[in-house]
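First up is the structure itself, then whatever we jot down about it.
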2 protein chains.
Amino acid sequence: MSSRKNAPSPAPSLTDVALGQRTGYLFIKAGELALRLAEDALAASGLRARHFNVMTMINMGRPLSQQEVGDILGIDKNLIVAVIDDLEGRELVRRERSLEDRRRYVLELTPKGKRLLKEAYAHVERAEREFLAPLTASEVPALRDALSRIVAPWWPVKKPR
Amino acid sequence: MSSRKNAPSPAPSLTDVALGQRTGYLFIKAGELALRLAEDALAASGLRARHFNVMTMINMGRPLSQQEVGDILGIDKNLIVAVIDDLEGRELVRRERSLEDRRRYVLELTPKGKRLLKEAYAHVERAEREFLAPLTASEVPALRDALSRIVAPWWPVKKPR
DNA sequence: TATTGTTATACTCTATAACTATA
DNA sequence: TATAGTTATAGAGTATAACAATA
């Protein structure tokens with residue numbers, strides 16, 4: 001029997017571990033981390049990441065139906081209902097029936113919604129800076145560009161309309 | 001009324017959309033995509049990504065308890081039980097009581113488990129190549145290095161032992 | 001008392017399928 | 001017949017807390 005029973009494994013560092021070499025695993029973990037930090041940052045504005053994403057889509061100017069928002073974000077339309085319900089209840093978003101097609105809503109941010117979204121952006125950007133802190137200034141745009149090329153062929157999952 | 005009713009919005013490209021500029025959003029989407037492709041690839045070996053990760057940890061040589069595997073992977077120990085149950089039922093992993101501490105199991109891959117893991121690696125590597133296809137050869141190691149630096153400070157979530 | 005593996009349970013999230021009103 | 005929004009429901013996944021065996 002060795003002098004140390006149950007030799008207390010020192011906590012392994014990421015690079016010690018086989019999975020830490022796998023690009024795919026690093027992507028998955030980085031994505032989970034980015035989501036967690038975004039959720040934490042947005043909690044200061046009382047928003048979930050999904051609400052922030054939906055508001056950002058609505059804010060783009062092009063009139064979008066709930067279904068289109070969901071298709072672009074990869075969220076089923078039935079889940080969009082609850083998000084818009086929340087946002088409308090907080091007077092951040094207005095539903096208005098489309099004049100051309102009365103089945104659809106045209107969604108738009110209220111002034112209050114625009115203000116909150118702007119505030120939320122500040123929180124998200126702060127979280128991103130923390131997340132990207134280990135990178136040099138020139139690495140960040142190169143990384144964003146690489147990510148954009150990786151994601152673009154698969155996005156959106158379902159084409160709207 | 002315009003000549004085109006309900007003007008069919010052309011599907012927006014990623015770069016058209018405000019979220020497509022957000023590094024954090026790109027990370028989250030890239031992570032989701034990496035997970036989806038890994039799950040699809042591993043289905044050919046009858047494994048879920050989690051099973052693959054657990055098997056990879058067990059295969060590292062250092063004797064690990066179920067709890068340690070869970071801590072390193074960020075999975076609660078109660079969920080590890082079901083994973084090991086599955087793998088043991090398929091004779092891919094063996095549980096053996098630790099001689100030094102009879103509360104713990106020492107986990108090890110069976111020869112069959114090692115063979116399947118090797119096969120699974122081939123599937124995962126193929127999926128990764130597809131995922132990373134939009135990048136140049138020199139971008140891939142630079143990206144992996146950047147990801148590793150981003151994830152390392154947050155990993156593992158809970159230190160084992 | 002604390003820890004490992006286990007089980008039970010409750011909660012969140014999501015996917016599927018209907019239904020309505022409009023087209 | 002098809003589509004937008006809505007609702008209900010079942011399933012998957014997860015987190016929390018407890019328990020027995022062992023330390």
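Residue numbering restarts at 1 for every chain, and letters A, B, ... go by the order of the sequence lines.
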[X] side chain: which of [options] is closest?
X      : options               : result
B:N78  : C:dT7, D:dA23, D:dT14 : C:dT7
A:K77  : D:dT6, D:dA18, C:dA8  : D:dT6
A:R102 : D:dT22, D:dT6, C:dA23 : C:dA23

[atom1] of [X] versus [atom2] of [N]: gap in Å, rounded?
X      : N      : atom1 : atom2 : result
B:Y105 : C:dG5  : OH    : P     : 8 Å
B:R97  : C:dT3  : CZ    : P     : 18 Å
A:L35  : C:dT12 : CG    : C1'   : 14 Å
A:L87  : D:dG5  : CG    : P     : 15 Å
A:Q66  : C:dA21 : CD    : P     : 17 Å
B:E88  : C:dG5  : CD    : P     : 13 Å
A:I84  : D:dT6  : CD1   : P     : 9 Å
A:E39  : C:dT12 : CD    : C1'   : 13 Å

Any heavy-atom pair between the side chains of [Y] and [X] that's under 4.5 Å?
X      : Y      : answer
B:T15  : A:S148 : yes
A:L143 : A:L132 : yes
A:T56  : A:Y121 : yes

Check: Are A:D85 and A:R90 close enough for a salt bridge, meaning some N to O gap below 4.0 Å?
Finding: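 Answer for the salt bridge query: no.
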Restricting to nitrogen or oxygen on both sides, can you table the protein-nucleotides 9-13 of chain D pairs closer than 3.5 Å?
| residue | atom | partner | partner atom | Å |
| --- | --- | --- | --- | --- |
| D:dG13 | OP1 | B:R48 | NH1 | 3.1 |
| D:dG13 | OP1 | B:R48 | NH2 | 3.4 |

Check: Are a donor atom and an acceptor atom from the side chains of B:H51 and B:R48 found within less than 3.5 Å of each other?
Finding: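 The answer is no; no qualifying pair exists.
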Notebook entry, point to check: Can a side chain N or O of B:R95 be found less than 4.0 Å away from OP1 or OP2 on C:dT6?
Noted result: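 So the side-chain polar atoms of B:R95 do come within 4.0 Å of the phosphate oxygens OP1 or OP2 of C:dT6, strictly under.
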Checklist line | Residue list, side-chain contact (heavy atoms from CB on, under 4.5 Å) with B:A120, at least two apart or on another chain | finding: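 Listed in chain order: B:L42, B:S45, B:L47, B:F52.
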Checklist line | Parallel, tilted or perpendicular: rings of B:W155 and A:Y25 (30°, 60°) | finding: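 Aromatic pair A:Y25/B:W155 classed perpendicular.
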Margin query: Does A:R103 contact D:dT3 through a side-chain donor or acceptor facing the base, at a distance under 3.5 Å?
Written below: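 Answer yes: a donor N or O sits under 3.5 Å from an acceptor.
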